[in-house]
Amino acid sequence: MISNTKLLELAAHYGTPLFVYDGEQVINCYRDLYDFIPCPTLQIHYALKANYNIGLLKLLRDAGSGIDAVSPAEVELALRLGFAKDKIIYTANNMTDAEFDKVCATGVVMNIGSLSRLRKIAGTRKGMKLCLRFNPDVCDGDSIHTMTAGALTKFGILLSDVEEVKALVKEGDLHVIGLHEHTGSGLQHAESVYTAMGKLMDIATPENFPELEFLDFGGGFKVPYQPGEARIDYVAMGAKIASLFADFCKRYGKELVMRFEPGKYLVAESGVLLTEVNTLKRNRERLIAGCNSGFPQLIRPMLYGAYHIIDNLSNPGGPRALYDVCGNICETGDRFAEQRELPEIREYDILAIRNAGAYCYSMGSIYNLRSMPGEIVLKEGKVIYQRKRLTDSEMIDAILKEGADY
Ligand code: LLP
């Protein structure tokens, strides 16, 4: 953990708003999963969508991680950073023909989640190697928006469509080398992981899919966001996962590779967003602490009602009061926390918004024309990567350049 003193030093030196990531923690989380899940064939593919910071990606690449990519640009970024193509999986979602062709040309294995695309492949890409994504019919996740299976989701092929899948595979002489499912993000119940694995393993028979090389059980490993929230017992969960998979491999008659694609688990806790309070005001009973960041830079509270711990680094021992911690964006919903008890906030205090490593920077935008914060990656207390914040003029130059011909 980066100390609060160090965070204050970084805020003073680099300015705020600023994302700070602990690179060591990311690598420790990556290695932990190999300790927790005692499966000799385990492969972890980092879900790049959680955070595409180059400093973190290089650390994960050097540690041996694969990549779960969800757009052609994510595939290109991973390839250009030197991730081997056989360590990347492209989980396509409503892809265009042009996107399909582009990723096909790279040789990266595609994970196909619709009968529509499978039909096109069977018709035009005879003999293609691919992975198939099924909907495991288990509903879990930390928000209705982050559950990616069950009756309401757009993802995956229905388990009940397996016969039609087999017919298309035969028609196209396709080679199904992997099966995939992803239940959701921030899975609340260990049981959901086992059930979803079971649903996929039930259809992964040698009769249905004789050429399997791997099963990919997606991401979704939860980390605590609330104060005092219990950490899942990943040692127990890992043991159960490994034993379920070992039994499956015996039934299948071959030792397959087990894959997981965590995003949050690897990067969420490594990150913090530092922001400075510049305006204190009162709206009747409400104390409002206005800071120099806003929801375009960390949208999870506004989008999902997500809770992020906030620490007042500048006045940790101050008398406690309730605050609405608001941003600098022209919308009332622009709040990081509502009626949150915090040590007294004074103007120019630095707040640390915790667990800002996953789905914060990567979901950011420049709404209201405020450029995204700078980013720092630390390892062993040293800054190993810095991405500077665009100045207003640099951001405006880029916008004007796009419209230069008009
Ligand atoms: N694999 C697939 C196919 C996915 O769709 C996802 C996440 C992952 C892996 C990684 O899931 P994770 O391990 O990070 O839970 N923006 C939301 C999370 C959306 C996740 C979407 N898919 C949030 O901030 O909570």
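Note that ligands are numbered from 1 as they come in the structure, with each ligand's atoms numbered from 1 the same way. None of the values given here were measured: they were computed from a predicted structure.
Proximity of Arg300 to ligand 1, defined as any heavy-atom pair under 4.0 Å, is confined to the side chain (atoms from C-beta onward). Residue-level proximity to ligand 1 for Ala47 is carried by the side chain, the only part with a heavy atom below 4.0 angstrom. Of the heavy atoms in Asp68, only side-chain atoms (C-beta onward) come closer than 4.0 Å to ligand 1. Residue Tyr304 touches ligand 1 through its side chain alone, judged by heavy-atom distances below 4.0 Å. Only the side chain of Lys49 comes within contact range of ligand 1, with a heavy atom under 4.0 Å; no backbone atom does. At a heavy-atom cutoff of 4.0 Å, ligand 1 is contacted by both the backbone and the side chain of Lys264.
Between Gly220 and ligand 1, an N or O atom pair is found at a separation short of 3.5 Å. Close N/O approach between Tyr359 and ligand 1 is found [any backbone or side-chain N/O within under 3.5 Å]. On a distance-only criterion, Asp142 and ligand 1 share no N/O pair closer than 3.5 Å. Taking only nitrogen or oxygen atoms, main chain and side chain alike, Tyr265 does not reach within less than 3.5 Å of ligand 1. At a 3.5 angstrom cut-off on N or O pairs, Gly263 counts as close to ligand 1.
Side-chain contact, Thr195 with Glu191: no donor N or O sits under 3.5 Å from an acceptor N or O. Donor-acceptor pairing under 3.5 Å is lacking for the side chains of His182 and Arg133. For the residue pair Gln339/Asp324, the side-chain donor-acceptor check at 3.5 Å is satisfied. Lys264 and Ser185 form a side-chain donor-acceptor contact under 3.5 Å, judged by distance and modelled atom types alone.
Looking at Cys104 and Met128, their side chains come closer than 4.5 Å, going by heavy atoms from C-beta outward.
Using bins of under 30°, 30° to 60° and over 60° for the plane-to-plane angle, the ring pair Tyr265/Tyr234 lands in the perpendicular bin. Aromatic ring pairs are classed by plane angle as parallel below 30°, tilted from 30° to 60° and perpendicular above 60°; the pair Phe248 and Phe245 is tilted. Ring orientation note: the planes of Phe260 and Phe221 are tilted relative to one another, at an angle of 30° to 60°.
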Begin from the C-alpha positions of Leu7 and Val20 and carry the test side chain to side chain contact (heavy atoms under 4.5 Å, CB included) through to its verdict. CA-CA 8 Å; Leu7 290 174; Val20 180; 4.1 Å; yes
Apply side chain to side chain contact (heavy atoms under 4.5 Å, CB included) to Arg300 and Tyr359, showing your working. CA-CA 8 Å; Arg300 300 189 74 260; Tyr359 305 106; 4.2 Å; yes
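Residue Lys222 places every heavy atom at 4.0 Å or more from ligand 1. In this structure, Ala50 has no heavy atom closer than 4.0 Å to ligand 1. A heavy-atom separation below 4.0 Å is not found between Ala358 and ligand 1. Residue contacts with ligand 1 do not include Thr148, since none of its heavy atoms lies under 4.0 Å from the ligand.
The shortest contact between atom 15 (O) of ligand 1 and any protein heavy atom is with Ser185 OG, 2.4 Å. For atom 1 (N) of ligand 1, the closest heavy atom belonging to the protein is Glu261 OE1, 2.6 Å. Looking from atom 22 (N) of ligand 1 to the surrounding protein, the closest heavy atom is His182 NE2, 3.8 Å.
Of all heavy-atom pairs spanning Asp22 and Met1, the tightest one is OD2-N, 3.8 Å.
Ligand-side atoms of ligand 1 in range of Arg133: 3 (C), range being under 4.0 angstrom from any heavy atom. Heavy-atom proximity to Pro262, at under 4.0 Å, picks out these atoms of ligand 1: 13 (O). Distances below 4.0 Å separate heavy atoms of Thr146 from the following atoms of ligand 1: 17 (C), 18 (C), 25 (O).
Although no hydrogens or angles enter the test, the distance criterion places no donor-acceptor pair under 3.5 Å between the side chain of Asp334 and the main chain of Cys326. Within the 3.5 Å criterion, the main-chain N or O of His308 finds no donor-acceptor partner in the side chain of Asn355.
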